[in-house]
There are 2 protein chains.
Amino acid sequence: MYICVVKLEQAIQSNKFKNEMHKASLNILYTAWWLKTQMSKVLKEFGLTHEQYNVMRILKGKYPEQICVKDISCRMIEKSSNVPRIIDRLVIKKLVKRADSPFDKRETVITLTQSGLAVLAASTESVNQLMDEMVKMESEDATQLNLLLERLRGTE
Amino acid sequence: MYICVVKLEQAIQSNKFKNEMHKASLNILYTAWWLKTQMSKVLKEFGLTHEQYNVMRILKGKYPEQICVKDISCRMIEKSSNVPRIIDRLVIKKLVKRADSPFDKRETVITLTQSGLAVLAASTESVNQLMDEMVKMESEDATQLNLLLERLRGTE
DNA sequence: TGTATTTAAGTGTATGTACATCTATTTTTA
DNA sequence: TAAAAATAGATGTACATACACTTAAATACA
């Protein structure tokens with residue numbers, strides 16, 4: 001499916017919004033879907049899903065330290081992600097390794113493999129390139145956007 | 001799982017952002033997940049998922065006119081939604097009806113039932129109430145947010 | 001110290017997404 | 001007008017989400 005660049009009204013074929021806040025909610029949901037879809041296209045070339053990529057990024061953030069499943073979960077953007085299952089698929093592709101924690105036998109610790117590091121580096125380069133091409137926004141606008149999103153969630 | 005109100009850095013336990021735009025992307029994804037999760041809690045009381053609710057809202061927008069599956073699809077926020085399957089579940093719950101189109105035998109037309117209308121009205125009231133309590137934002141801020149999201153997607 | 005509680009991870013199920021494919025139609029066009 | 005192309009919807013599969021439940025291990029505490 002081809003996704004052309006369109007305003008929200010065109011994208012969802014509606015201009016009946018209760019108010020600006022209602023429109024903003026739909027705009028956030030649509031923009032999130034748009035971002036994920038664009039990124040997924042690039043990641044697919046590396047055989048990765050958006051969520052698998054997210055887990056790998058988190059592992060890279062601590063590399064070469066090992067990190068347990070719970071600590072990955074609490075760093076996920078979507079908190080209800082089922083991390084053990086995402087890891088299952090990364091293990092099959094030999095991009096990460098599972099091991100028992102030496103400190104707590106309940107925990108499983110995960111590490112990127114050499115192959116995982118390589119795939120992550122290559123895919124990250126493609127993703128960054130896509131973002132540079134796709135997202136046309138000044139740094140000040142991005143800062144303002146961050147401010148407004150935090151305000152919306154009531155964190156200030 | 002309890003979702004407390006937190007800044008992005010706390011939410012994903014990271015403050016390593018490549019730049020403000022990178023942070024904004026993650027912020028959009030997180031805020032979208034947060035909005036969906038909060039709404040889903042309310043909708044669950046009515047036995048509805050976020051996507052089922054979205055389909056019903058679209059049907060309401062044209063009611064009492066019937067509308068075909070394709071026209072629902074192109075109004076969905078997430079364009080890759082598998083609308084026939086969402087409708088399957090609404091049919092089982094007798095909230096919508098399927099019928100053959102009299103104009104084009106390939107098409108299936110969908111309408112809300114009386115029960116569907118009632119459930120939609122009640123759930124919409126709850127959702128609106130939630131939004132009023134949850135989202136603390138001035139109308140001017142919402143307008144600015146809409147402007148920035150459109151700018152990010154390159155539609156101006 | 002022994003029992004109760006909590007915690008970590010994994011697993012089962014219903015729902016949804018992303019994408020490919022199939023069938024029945026309608027539209028195009030040679 | 002007959003064959004080819006396009007379209008609408010349904011369906012199959014892999015992956016993910018949301019949430020409940022299980023098991024094993026660690027921690028709390030009586």
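Throughout, a chain's letter reflects where its sequence line sits, starting with A, and its residues are numbered from 1.
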- Item | Derivation and outcome, side chain to side chain contact (heavy atoms under 4.5 Å, CB included), residues B:V55 and B:Q52 | CA-CA 5 Å; B:V55 167; B:Q52 289 167 12; 5.9 Å; no

- Task: Evaluate the criterion side chain to side chain contact (heavy atoms under 4.5 Å, CB included) for residue pair B:S25 and A:M131; output intermediate values, then yes/no.
- Result: CA-CA 9 Å; B:S25 302; A:M131 291 295 278; 3.0 Å; yes

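B:S126 contributes no side-chain N or O that, together with a main-chain N or O of B:S123, makes up a donor-acceptor pair within less than 3.5 Å. A:N54 places no side-chain N or O within 3.5 Å of a backbone atom of A:H50 that could act as its donor or acceptor partner. Listed for the B:K94 side chain is no donor-acceptor partner under 3.5 Å among the backbone atoms of B:V91.
Listed in residue order, the members of residues 45-55 of chain A having a heavy atom less than 4.0 Å from DNA chain D are A:T49, A:E51, A:Q52. At a non-hydrogen distance threshold of 4.0 Å, A:R85, A:I86, A:R89, A:D104, A:K105 from residues 85-105 of chain A come into contact with DNA chain D.
Going from atom CG of B:L35 over to atom P of D:dT17 covers 17 Å, rounded to whole Å. Between the C1' atom of C:dA14 and the CG atom of B:L43 lies a distance of 16 Å, rounded to the nearest Å. Rounded to whole Å, the distance from CE on B:M76 to C1' on C:dG16 is 10 Å. Rounded to a whole Å, the CD1 atom of B:I77 is 15 Å from the C1' atom of C:dT17. B:I72 places its CD1 atom 13 Å from the C1' atom of D:dA8, with the value rounded to the nearest Å. Put simply, CD1 on B:I67 is 13 Å from P on D:dA8, counting in whole angstrom units.
Counting non-hydrogen atoms under 4.0 angstrom, A:K44 reaches the backbone sugars and phosphates but no base.
Inspection of the B:Q66 and B:K97 side chains reveals no N or O donor paired with an N or O acceptor under 3.5 Å.
Of the candidate nucleotides D:dA8, C:dC19, D:dT17, D:dT17 has the atom lying nearest to any side-chain atom of A:E78. Here C:dG10 is the nucleotide among C:dG10, C:dA8, D:dA10 with the atom lying nearest to any side-chain atom of A:T108.
The CZ atom of B:R75 sits 13.5 Å away from the CD1 atom of B:I77 when rounded to the nearest 0.5 Å.
The only option from A:V109, A:I58, A:L112, A:T111 that meets the side chain to side chain contact (heavy atoms under 4.5 Å, CB included) definition with A:I67 turns out to be A:I58.
Between B:D71 and B:N82, the residue whose closest nucleotide on DNA chain D is further toward the 5' end is B:D71.
The shortest non-hydrogen separation linking B:L95 to B:S115 is CD2-OG, 3.6 Å. Closest of all the heavy-atom pairs between A:W34 and A:M134 is CH2-CG, 3.4 Å.
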- What is the per-nucleotide protein-contact pattern of nucleotides 1-6 of chain D, from the 5' end, where B denotes a base atom under 4.0 Å from a protein heavy atom, S denotes such proximity for sugar-phosphate atoms only, and - denotes neither? ------

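For the pair A:K70 and A:D104, the salt-bridge criterion is not met [side-chain N within less than 4.0 Å of a carboxylate O].
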